[in-house]
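This report concerns only the one structure given below.
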Amino acid sequence: IARNFSSSSAVQSAIKHVTVIGGGLMGSGIAQVAAQAGQNVTLVDVSSDVLAKSQKSIGNNLGRVAKKMYKDNPKEGEKFVSEALGRIKTATDPVEAAKATDLVVEAIVENLQVKHKLFSQLDAAAPAHTIFASNTSSLSINEIASAVKRKDKFGGLHFFNPVPVMKLLEVIRGADTSDMTYQTMMQWGKEVGKTCITCKDTPGFVVNRLLVPYVAEAIRLYERGDASARDIDIAMKLGAGYPMGPLELADYVGLDTNKFILDGWHKKYPQEQLFKPIPLLNKLVSEGKLGIKSGEGIYKYDKK
Ligand code: NAI
């Protein structure tokens, strides 16, 4: 009988040590879920200030998890937190960190050139068996992988914000990702507590390919004056059962991020109507109205 590669439970993940590069919003969450699952982690960032902040927020998050998990046994809870934290080392040199690791998950700035530079350096330093993965939201996995020789050991691991809470992991098979690499990524995703889906290397994979044009259409509808912002959000919450309205979501994600993704896709696929620029979105971003983080976007927020 041919080996059934679609059954991931048959394959033991060979990942014992993971290096997460980029200690920001996503990287710190990825480091946390891996450490929580018993893996040894090195979290790398160019900034040691970022690393200090990440460690603090991971500690706080783990504390909250422990409170729930060990309601009646705070001592066990404390042990859980200190053991998980103890599995996370921090470093500022990605190349040094990659010399002894089974998996690299990259979560640095969303810029192809910067990712290329990082991966080509890692490719020269990491052991032959090490798998490389990018957490990119909007870039092509194949294009990122073009910087390395180990194209068979390259794929996408796309997490969602906030990583410890969101249950989905999109596993992206690039054009050259081997079956073994794909299976290992699926198994690892399961081990860190996520439900994995398989995606091809297409813009936005599954979630953002549906979500980004949906949010864009909501901004266009509002721009045309067809309904008020409040009513559009109420409509999708009460009429479609979504937990957040599309315009609230746009402000939450950041209007600059929405624009960045749309612009990148529009440049690559100029014929696709769904990716066309939105004058209102461009105007708000140029005025510094970026959403919740800047105090105003589609909506106004009370400054803390
Ligand atoms: P962030 O800005 O919070 O963190 C990025 C971190 O990378 C920063 O701390 C920065 O100091 C560090 N960094 C930059 N260049 C570096 C380098 N060469 N070596 C080491 N560290 C470096 O960004 P965020 O939001 O965590 O996003 C990271 C990646 O994850 C991006 O590719 C983004 O597309 C993707 N992503 C973001 C999501 C989100 O909701 N923010 C969701 C899913 C994926």
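Remember, it's 1-based here, ligands and their atoms both numbered in the order they're listed.
For Tyr299 and Tyr252, the ring centers sit 6.0 Å or farther from each other.
Protein residues having at least one heavy atom under 4.0 Å from any atom of ligand 1 are Ile21, Gly22, Gly24, Leu25, Met26, Asp45, Val46, Val50, Ala107, Ile108, Val109, Glu110, Lys115, Asn135, Thr136, Ser137, His158, Phe159, Asn161, listed by chain and number.
The salt bridge (Lys or Arg N to Asp or Glu O under 4.0 Å) test applied to Lys289 returns Glu287, Glu296, not counting sequence neighbours. The side-chain hydrogen bond (donor to acceptor under 3.5 Å, both in side chains) check on Asp72 picks up nothing, with sequence neighbours excluded.
Annotation: side chain to side chain donor-acceptor pair (under 3.5 Å) contacts involving residues 139-150, sequence neighbours excluded, comprise His116-Ser146, Asp123-Arg150, Ser140-Asp201, Asn142-Asp201, Glu143-Lys268.
Side-chain contact, Ser54 with Ser57: no donor N or O sits under 3.5 Å from an acceptor N or O.
Closest approach of Ala66 and Val81 over heavy atoms only: CB-CG2, 3.7 Å.
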